[in-house]
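Okay, so here's the structure we're looking at.
Heavy atoms only: backbone and side chains are in, while hydrogens, waters and symmetry mates are out. Counting from 1, the numbers follow the sequence of the chain as shown. Bear in mind that the values here come from a model prediction, so they are computed numbers and not experimental data.
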Amino acid sequence: MQFKHAIIGGTFDHFHIGHKAMLEKVFSIAEKVSIGITTPEMYQNKALLSQIEPFDVRQVGLKNFLEKNNWLSRTVIIPISSKYGSTLTDPTIEAIVVSPETEKVAQEIQSERVQKGLSNIEIITVPFVMSDDGKLVSSERIRKGEIDRNGASYSTFLEKRSSLHLPDSLRSELQKPIGQIVTNIDDISRFLDPNSFLVSVGDIVTTDLMQHDIFPTISIVDLRTRRQELDPAIIKKFFSNVNISLKNPAGTISPDFVELFLEKLQSNPQREIIRIDGEEDLLTMPAILLSPLGTTIIYGQFEVGMIVVEVTEDIKDMIRQLLVQFS
């Protein structure tokens, strides 16, 4: 081994292929590795803070990977509440492994060590791992719902399909609710997080929410219900200035919807309404696939009620597996 003792640090949130690349590098060069896992003091300004996993969950994800590679016995895991970790107190550290993003921190650590009379450390920078959309893999992008832990982009998955048509074989499957059934609008509030996105799909659901002063971040409607035009009084009250956004034929998911929904997400929306010419029923699926983790999506199901879905990695994976079967 090149070094007896090296160090690496990070949040290790939503443990992904970028973390794996960093760890593979450090264990290839050092006999002993100290791994610092950040505590909440260090990431209060990160995006989607509420979706960062608790320390114990992040530590378990890290340990599972180390055990799988027989590296745990060579590891010391330490909580760190500053960017220096143990680098300014441990004289045995010979190297630090960083990403291009944290290379400047390593240089600062080097300078501080010199001032304290500690030995120089080797700074080893591991290139970013890129996702299949050509952008870097990061925990933030996973929390934002853009990619999975293997760097697969959800938008790229959808954009590669010029059209998505519902096969007859899936019709009965999609009639099953994919979230919590709620039959009383008064019970909705317990599912809502004021810090998270709220997306509604369907005219009755959206209207019910608005009539109870709950205004979704993004609403998807066609101003029809059961193939009949929505009550003109409702249209006048809530949708008077809403023009048709795009066409989406029944039984399909339009690529134009994917593009527009992404555009709305990236524009820091407040109360956006997407009006569909056609049917919006299937658009719950790409909305789930593209939304940030923690988003609440509410859609209606005839004679069942409102279905409340919290967007998670598992739900996204389930939706992707269903959409693979579309033609």
Decide salt bridge (Lys or Arg N to Asp or Glu O under 4.0 Å) for E140 and K144; before the verdict, give the C-alpha distance in whole Å, the side-chain angles of both, and the deciding distance to 0.1 Å.
CA-CA 6 Å; E140 179 176 319; K144 286 183 174 180; 3.0 Å; yes
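- The CG atom of L262 sits 9.0 Å away from atom OG of S291, with the distance rounded to the nearest 0.5 Å.
- Summarising the geometry of Y154 relative to G145, their closest heavy-atom pair is CD1-O, 3.0 Å, with the distance given to 0.1 Å.
- Although no hydrogens or angles enter the test, the distance criterion places a donor-acceptor pair under 3.5 Å between the side chain of D231 and the main chain of A233.
- Inter-residue side-chain proximity for T11 and K46 is flagged as met; some heavy-atom pair is nearer than 4.5 Å.
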Walk me through whether R161 and L323 qualify under side chain to side chain contact (heavy atoms under 4.5 Å, CB included).
CA-CA 10 Å; R161 291 154 175 80; L323 288 175; 5.9 Å; no
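- In this structure, the side chains of K316 and L293 come closer than 4.5 Å at one or more pairs of heavy atoms.
- Within the structure, side-chain hydrogen bond (donor to acceptor under 3.5 Å, both in side chains) pairs that include any residue of residues 268-288 comprise R227-E279, K247-D277, K264-E272 (at least two apart or interchain).
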Under the side chain to side chain contact (heavy atoms under 4.5 Å, CB included) criterion, do F261 and L283 qualify, and how do the steps go?
CA-CA 10 Å; F261 191 80; L283 300 183; over 6 Å; no
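- Under a 3.5 Å cut-off, the side chain of N248 and the backbone N or O of T252 do form a donor-acceptor pair.
- Between the side chain of T217 and the backbone N or O of L198 there is at least one donor-acceptor pair closer than 3.5 Å.
- With rounding to the nearest 0.5 angstrom, the CD1 atom of I142 is 6.5 Å from the CD atom of E313.
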Applying side chain to side chain contact (heavy atoms under 4.5 Å, CB included) to V311 and V199, what does each step give before you reach the verdict?
CA-CA 11 Å; V311 176; V199 176; over 6 Å; no
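- Under the 3.5 Å distance criterion, the side-chain polar atoms of S138 are matched with a main-chain donor or acceptor of R141.
- The backbone N or O of D222 lies less than 3.5 Å from a partner atom in the side chain of D203, making a donor-acceptor pair.
- Summarising the geometry, atom CG belonging to L72 is positioned 11.0 Å from atom CZ belonging to R74; distances are rounded to the nearest 0.5 Å.
- P292 and L48 make their closest contact through CB-CD1, 3.9 Å (heavy atoms, listed as atom of the first residue, atom of the second, distance).
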Using residues 19-34 as the side-chain source, report each donor-acceptor pair under 3.5 Å to any protein atom, sequence neighbours left out, with the distance given to one decimal.
unit_1	atom_1	unit_2	atom_2	d
H19	ND1	H16	N	3.0
H19	NE2	H16	NE2	3.4
S28	OG	K25	O	2.6
S34	OG	H5	NE2	2.8

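- Taking both residues in full, the closest heavy atoms of I77 and L62 are given as CD1-CD2, 4.1 Å, listed atom of the first, atom of the second, then distance.
- At a threshold of 4.5 Å between non-hydrogen side-chain atoms, the residues I17 and R149 do not count as touching.
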Test side chain to side chain contact (heavy atoms under 4.5 Å, CB included) on L209 and T206 and set out the steps.
CA-CA 5 Å; L209 291 169; T206 299; 5.6 Å; no
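- Shown here for A106 and V98, the closest heavy-atom pair between the two residues is CB-CG1, 3.9 Å.
- For E122, the side-chain hydrogen bond (donor to acceptor under 3.5 Å, both in side chains) criterion is met by no residue, not counting sequence neighbours.
- Here side-chain hydrogen bond (donor to acceptor under 3.5 Å, both in side chains) pairs that include residues 171-180, with residues two or more places apart or in two chains, are D168-R171, E173-K176.
- Residues S131 and D133 bring a donor and an acceptor atom of their side chains to less than 3.5 Å of each other.
- Residues F12 and V126 share a hydrophobic cluster, clusters being chains of Ile/Leu/Val/Met/Phe/Trp/Tyr side chains in contact below 4.5 Å.
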Audit row: R320, D148, salt bridge (Lys or Arg N to Asp or Glu O under 4.0 Å) steps and yes/no
CA-CA 11 Å; R320 183 167 52 188; D148 66 16; 3.0 Å; yes
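- A distance-only check finds no donor-acceptor pair linking the side chain of K116 to the backbone of T89 [under 3.5 Å].
- At least one side-chain heavy atom of F257 sits less than 4.5 Å from a side-chain heavy atom of I220.
- When atom types are taken as modelled, the side chain of E94 and the backbone of K4 share a donor-acceptor pair closer than 3.5 angstrom.
- Atom-to-atom distance recorded for L174:CG and Q301:CD is 9.5 Å, nearest 0.5 angstrom.
- Once rounded to the nearest 0.5 Å, the distance linking CD1 of I80 with OG1 of T87 reads 9.0 Å.
- Proximity of a side-chain donor or acceptor of E108 to a complementary backbone N or O of K104 within less than 3.5 Å is not detected.
- Proximity of a side-chain donor or acceptor of R58 to a complementary backbone N or O of E53 within less than 3.5 Å is detected.
- Cluster annotation: I35 and I109 are assigned to distinct hydrophobic clusters (Ile/Leu/Val/Met/Phe/Trp/Tyr, side-chain heavy-atom contacts under 4.5 Å, transitive).
- Under the 4.5 Å side-chain heavy-atom criterion for Ile, Leu, Val, Met, Phe, Trp and Tyr, V309 and I253 are members of the same hydrophobic cluster.
- At a threshold of 4.5 Å between non-hydrogen side-chain atoms, the residues I276 and L246 count as touching.
- Grouping the Ile, Leu, Val, Met, Phe, Trp and Tyr side chains by contacts below 4.5 angstrom, directly or via other members, places I214 apart from V201.
- Between R113 and S119 the shortest side-chain heavy-atom distance falls below 4.5 Å.
- Between I78 and S86, the shortest heavy-atom contact is CD1-OG, 3.5 Å.
- Contact detail for I93 and I121: the closest heavy-atom pair is O-CG2, 3.3 Å.
- At most 12 non-hydrogen atoms from other residues, nucleotides or ligands lie less than 6.0 angstrom from NZ of K135.
- For the atom pair CG (L322) and CG (L289), the distance works out to 10.5 Å, reported to the nearest 0.5 Å.
- T156 places no side-chain N or O within donor-acceptor distance of the main-chain N or O of S153, the cut-off being under 3.5 Å.
- The hydrophobic cluster containing F238 also includes I204, M210, F215, V221, L223, L230, I234, I235, F239, V242, I273, under a criterion of side-chain heavy atoms closer than 4.5 Å among ILVMFWY residues, counted directly or through chains of members.
- Residues passing the side-chain hydrogen bond (donor to acceptor under 3.5 Å, both in side chains) test with T39 are E41, sequence neighbours excluded.
- Between M285 and F326, the closest side-chain pair of non-hydrogen atoms falls below 4.5 Å.
- Taking hydrophobic clusters as Ile, Leu, Val, Met, Phe, Trp and Tyr residues chained together by side-chain heavy-atom distances below 4.5 Å, Y299 shares a cluster with I288.
- Counting heavy atoms from C-beta outward, D13 and Q51 have side chains that stay 4.5 Å or more apart.
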